[in-house]
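Values reported hereafter were calculated over all heavy atoms of this structure, with side chains retained and with hydrogens, waters and symmetry mates removed.
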Amino acid sequence: MVARGFPVACVELGAALAEQARNLRGPVEVHVEPFETWDAGARTFALVYAATAWHWIDPAIRYGKAHALLRPGGHLACPRGFDPFFGGIQDVYDAIGESHPGEAWPPPPPDELPDASEEIEASGLFTDLRVRRYVWEVPYTADEYVSLLETFSGHMSMDAAKRTILYGEIRNRIGARADPRVRRHWCAILHVARRREIER
């Protein structure tokens, strides 16, 4: 959006990621603050977009806050991401105490993942909802896959000794394949909804 010349107000909780956003060249402003408490003043926007963080925002606040920030006719766009993981490595997570009991396993296929349409409609603040699924595959070498995991908050906060065991197993298992790569499928569910005019 910045490359296309649209002015963008970035609201980022993490100072390090906010610093990266400041490297964007174009009409960008960066605010290091939770979305829930960020004050835009009297400004309104044509689009409120959350790429991968919408599910982290307080559900009691997110739709109302987005509605208040949008100008008449503005849109909310919030993909719901999903990262199917590989069952073969799950035993290592179990062994190091980093599995998540209670989560459905194996996860459902991309075309059966639940979307947030009911939640958005229940807010009563948006109309003309459209939902689209995007599914793609990325091959990773062992080092590439470990580098990917290093960007995930759960792995970043994991004890260093546990990460050493996990990443060692990942490298061993991927390296032992005839094709020493792992193919990971990604799915994003994009929700786009128009701001509903509310009579006061």
Practice problem: List the atom of Pro139, the atom of Arg183, and the distance in Å for their closest heavy-atom pair. | Solution: CB-NH1, 3.8 Å

Quiz prompt | Any side-chain heavy-atom pair of Tyr140 and Arg181 under 4.5 Å | solution = no

Quiz item: Hey, are the side chains of Glu150 and Leu148 touching, using non-hydrogen atoms and a 4.5 Å cut-off?
Solution: no

Quiz item: Can you check side chain to side chain contact (heavy atoms under 4.5 Å, CB included) on Arg171 and Val146, steps first, answer last?
Solution: CA-CA 8 Å; Arg171 289 189 169 96; Val146 167; 3.7 Å; yes

Quiz item: For the side chain to side chain contact (heavy atoms under 4.5 Å, CB included) test, which of Val48, Leu190, Ile120 pairs with Cys78?
Solution: Ile120

Practice problem: Identify the two heavy atoms, one from Ala40 and one from Phe45, that lie closest to each other, and give their separation to 0.1 Å. | Solution: CB-CE1, 4.0 Å

Quiz item: Cluster question for you: counting only ILVMFWY and a side-chain heavy-atom cut-off of under 4.5 Å, with indirect links fine, are Ile198 and Tyr63 together?
Solution: yes

Practice problem: Identify the two heavy atoms, one from Ile165 and one from Ile96, that lie closest to each other, and give their separation to 0.1 Å. | Solution: CG2-CG2, 3.9 Å

Quiz item: If Ile, Leu, Val, Met, Phe, Trp and Tyr residues are connected whenever their side-chain heavy atoms lie under 4.5 Å apart, and connections chain through other members, are Ile57 and Ile189 in the same group?
Solution: yes

Practice problem: Step through it carefully: locate the ring centre of Trp54, locate the ring centre of Tyr49, and say whether they are under 6.0 Å apart. | Solution: no

Table please: side-chain donor-acceptor pairs of residues 1-20 below 3.5 Å, with sequence neighbours left out.
unit_1 : atom_1 : unit_2 : atom_2 : d
Glu12  : OE2    : Gly14  : N      : 2.7
Glu19  : OE1    : Arg22  : NH1    : 3.2

Quiz item: Rounded to the nearest 0.5 Å, how far apart are CG of Leu166 and NE2 of His155?
Solution: 5.0 Å

Quiz prompt | Rounded distance (nearest 0.5 Å) linking atom CG of Asp115 with atom CZ of Arg133 | solution = 5.5 Å

Exercise. Could you walk me through whether Trp186 and Val135 pass side chain to side chain contact (heavy atoms under 4.5 Å, CB included), step by step?
Key: CA-CA 6 Å; Trp186 298 81; Val135 181; over 6 Å; no

Quiz item: Short question: side chain of Arg195, backbone of His75 - any donor-acceptor pair under 3.5 Å?
Solution: no

Quiz prompt | Rounded distance [0.5 Å steps], CZ in Phe152 versus OG in Ser157 | solution = 13.0 Å

Exercise. Could you tell me whether Phe126 and His191 have their ring centroids closer than 6.0 angstrom?
Key: no

Quiz item: Gln90 and Ser99: which non-hydrogen atoms are nearest, and at how many Å?
Solution: NE2-CB, 3.6 Å

Practice problem: List the steps and the verdict of side chain to side chain contact (heavy atoms under 4.5 Å, CB included) for Val192 and Leu76. | Solution: CA-CA 6 Å; Val192 178; Leu76 167 69; over 6 Å; no

Self-check item: Of all pairs that satisfy ring pair (Phe, Tyr, Trp, His ring centres under 6.0 Å), the ones with a partner from residues 24-44, not counting sequence neighbours
Solution: His31-Trp38

Exercise. Would you mind reporting whether Leu113 and Cys187 have side-chain heavy atoms less than 4.5 Å apart?
Key: yes

Exercise. Would you check, one step at a time, whether the test side chain to side chain contact (heavy atoms under 4.5 Å, CB included) holds for Lys65 with Glu36?
Key: CA-CA 7 Å; Lys65 181 69 174 281; Glu36 292 91 333; 5.5 Å; no

Quiz item: With a 4.5 Å limit on heavy-atom distance, are the side chains of Ile89 and Glu169 in contact?
Solution: yes

Quiz item: So, do Leu129 and Val131 sit near enough that their side-chain heavy atoms are less than 4.5 Å apart?
Solution: yes

Quiz prompt | Set of side-chain contact (heavy atoms from CB on, under 4.5 Å) partners for Arg132, sequence neighbours left out | solution = Tyr134

Quiz item: What's the spacing between Ile170 CD1 and Arg163 CZ if we round to 0.5 Å?
Solution: 12.0 Å

Quiz item: Do Arg71 and Arg43 have side chains that get closer than 4.5 Å, going by heavy atoms?
Solution: no

Self-check item: Side-chain heavy atoms of Arg194 within contact of Arg196, under 4.5 Å
Solution: no

Practice problem: Might you confirm whether atom CD of Glu137 has over 12 heavy atoms from other residues, nucleotides or ligands at distances under 6.0 Å? | Solution: yes

Exercise. Hey, could you give me the CD1/OH distance between Ile174 and Tyr145, rounded to the nearest 0.5 Å?
Key: 7.5 Å

Quiz item: Are any of the side-chain nitrogens in Arg173 or Asp91 under 4.0 Å away from the carboxylate oxygens of its partner?
Solution: yes

Quiz prompt | Path from Ile61 to Trp56 over hydrophobic side-chain contacts below 4.5 Å | solution = no

Quiz item: Between CD of Glu33 and CG of Asp39, what distance do you get to the nearest 0.5 Å?
Solution: 8.0 Å

